[in-house]
Number of protein chains: 2
Amino acid sequence: MTDDDRVFKALADPTRRFLLDLLFRRDGRTLTELERELEMTRFGVAKHLKVLEEADLVVVRRQGREKLHFLNPVPIRLIHDRWIDKYTERHVTALVDLKNALEEPE
Amino acid sequence: MTDDDRVFKALADPTRRFLLDLLFRRDGRTLTELERELEMTRFGVAKHLKVLEEADLVVVRRQGREKLHFLNPVPIRLIHDRWIDKYTERHVTALVDLKNALEEPE
DNA sequence: AAGTTATGTGACCATCGGGTCACATGTCAA
DNA sequence: TTGACATGTGACCCGATGGTCACATAACTT
């Protein structure tokens, strides 16, 4: 299993993406903290976190018996750079901004 | 199945990522053209292209009996924007540049 | 020391997803 | 119009994946 395979497989599950969303809003949470936000047993959440960790999308720091989880944005950036070169990035960004402006009018 | 679910599921397979790589290098190829680059039957490739198309990662244009495939970078950009905000983007870009410099010395 | 809290492991089961094939439709060329 | 070419469909098999549970270790508390 290659590095990028791990990353994309990790991102393929909605629960794992939701975990990343949670960590994006606030870093450094423990397993039990994250478990509270999900309708799933602790074991399921732990399994998902392990997948994210092995993909390096989440990095951890042990603190006593607790394990703190942090979001690592680097692999995400690498996905971007794989299929969007510097030249087309300008166009795509403009397109996305336009899309957002149309979908979320103030 | 939500939009983003389709995108991430589509990206989860190495064959489909390779197809995107091919289209990133050169757009507007047909099924049989792409099939030649893969060690897989035409049916397998067609199935993968359909998944990419339904995820809007690939857009198509019919031309007679041929079907031309083009890469659409917009969903990729949206992934980026989901977990990398404007503020941290500077740091992450710097990190990635550094990583590339270290791994590919001239 | 004893109970409680936070996390880890391996097995198990149901479902999903990748790949192939037989068969079918539509389009171009002679 | 007849044959060759480009693509589409539905069924099938098998390995991979998501979720749960019984059981276990480690660390804080009183």
Side-chain angles (χ1 to χ4, degrees), chain A residues 1-23 26-71 75, chain B residues 1-23 26-71 75:
Chain A
M1 173 110 66
T2 63
D3 278 12
D4 71 317
D5 212 36
R6 263 185 287 272
V7 172
F8 287 106
K9 287 258 170 62
L11 291 174
D13 183 88
T15 302
R16 289 194 286 267
R17 292 196 297 276
F18 183 63
L19 284 169
L20 292 183
D21 289 338
L22 290 176
L23 294 178
R26 184 165 52 83
D27 258 335
R29 308 203 210 189
T30 79
L31 167 60
T32 13
E33 238 177 306
L34 293 165
E35 177 201 345
R36 256 182 261 122
E37 311 265 351
L38 290 172
E39 297 185 351
M40 189 185 301
T41 63
R42 174 177 60 83
F43 307 100
V45 181
K47 218 169 180 180
H48 284 303
L49 284 174
K50 191 186 178 202
V51 174
L52 288 169
E53 194 179 336
E54 285 171 350
D56 203 32
L57 281 161
V58 162
V59 291
V60 298
R61 201 178 73 219
R62 293 208 139 277
Q63 195 171 52
R65 64 180 161 181
E66 291 183 332
K67 194 173 172 185
L68 308 182
H69 299 78
F70 299 85
L71 172 62
Chain B
M1 173 108 70
T2 63
D3 278 11
D4 70 318
D5 211 37
R6 262 184 288 271
V7 172
F8 287 106
K9 288 259 171 63
L11 291 174
D13 182 87
T15 302
R16 288 195 285 267
R17 293 196 297 275
F18 182 63
L19 284 170
L20 292 183
D21 289 339
L22 290 175
L23 294 179
R26 182 165 55 80
D27 258 335
R29 307 204 211 190
T30 78
L31 167 60
T32 14
E33 241 178 304
L34 293 165
E35 177 199 345
R36 254 183 263 124
E37 312 265 350
L38 291 173
E39 298 185 351
M40 187 185 300
T41 62
R42 174 176 59 82
F43 307 99
V45 181
K47 216 167 178 179
H48 284 304
L49 284 174
K50 190 185 178 201
V51 173
L52 289 170
E53 194 179 336
E54 285 171 349
D56 203 33
L57 282 161
V58 162
V59 291
V60 298
R61 202 179 71 219
R62 294 208 138 275
Q63 196 172 50
R65 62 181 162 182
E66 290 183 332
K67 193 172 170 184
L68 308 181
H69 299 78
F70 299 85
L71 173 62

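Model, not experiment: these values are computed from the prediction. First the proteins, then the strands, lettered A, B, ... as listed; each starts at 1.
A salt bridge does not link B:R6 with B:D56: none of the charged nitrogens is closer than 4.0 Å to a carboxylate oxygen.
Nearest heavy-atom pair, A:L52 versus A:A10, reported as atom, atom and distance to 0.1 Å: CD2-CB, 4.2 Å. Residues A:V60 and A:E53 come closest through the heavy atom pair CG2-OE2, 3.4 Å. Of all heavy-atom pairs between B:L57 and B:V7, the closest is CD1-O, 4.0 Å. Residue A:A12 comes nearest to B:A12 through the heavy atom pair CB-CB, 3.7 Å, listed as atom of the first residue, atom of the second, then distance. Residues A:D5 and A:M1 share a closest heavy-atom pair of OD2-SD, 3.3 Å. Between A:L38 and A:F18, the shortest heavy-atom distance links the atoms CD2-CD2, 3.2 Å.
To the nearest 0.5 Å, atom CZ of residue A:R29 and atom CG of residue A:L71 are 11.5 Å apart. One finds the CG atom of A:L19 at 9.5 Å from the CD atom of A:E37 (value rounded to the nearest 0.5 Å).
The nucleotide whose nearest atom lies closest to any side-chain atom of B:K67 is, among C:dG19, D:dG8, C:dA6, D:dG8.
Rounded to an integer number of Å, the gap from CD of A:E54 to P of C:dT9 is 10 Å. Look at CD on B:E66: it is 9 Å from P on C:dC28, rounded to the nearest Å. Taking atom CZ of residue A:R6 and atom P of nucleotide D:dA16, one finds them 15 Å apart after rounding to whole Å. For the pair A:L52 CG and D:dT17 P, the computed distance is 14 Å after rounding to whole Å. Rounded to whole Å, atom P of C:dG17 lies 18 Å from atom CZ of A:F8. Computed from coordinates, the B:E39 CD to C:dG18 P distance equals 19 Å when rounded to whole Å. Per the geometry, CE belonging to A:M40 stands 6 Å off P belonging to D:dT20, to the nearest Å. In this structure, the CG atom of A:L11 is 16 Å from the C1' atom of D:dG18, given to the nearest Å.
Side chain A:K47 to base D:dG19: a donor-acceptor pair is found below 3.5 Å.
For the pair B:T32/B:E35, a side-chain contact is recorded, criterion being any heavy-atom separation below 4.5 Å from C-beta on.
Applying the 4.0 Å criterion to OP1 and OP2 of D:dT17, one finds that A:H48 has every side-chain N and O outside that range.
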Give me, pair by pair, the N or O atoms of the protein and of nucleotides 21-28 of chain D that are less than 3.5 Å apart, along with how far apart they are.
residue, atom, partner, partner atom, Å
D:dA27, N3, A:R65, NH1, 3.4

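Direction of the helix axis in the helix from C:dA1-D:dT30 to C:dA30-D:dT1 shifts by 30° between the two five-pair termini, rounded to 10°.
Partner of A:K50 under the side-chain contact (heavy atoms from CB on, under 4.5 Å) criterion, chosen from A:H48, A:E54, A:K47: A:E54.
Within residues 13-20 of chain B, the residues approached by DNA chain C to less than 4.0 Å at the level of any non-hydrogen atom are B:D13, B:T15, B:R16, in residue-number order.
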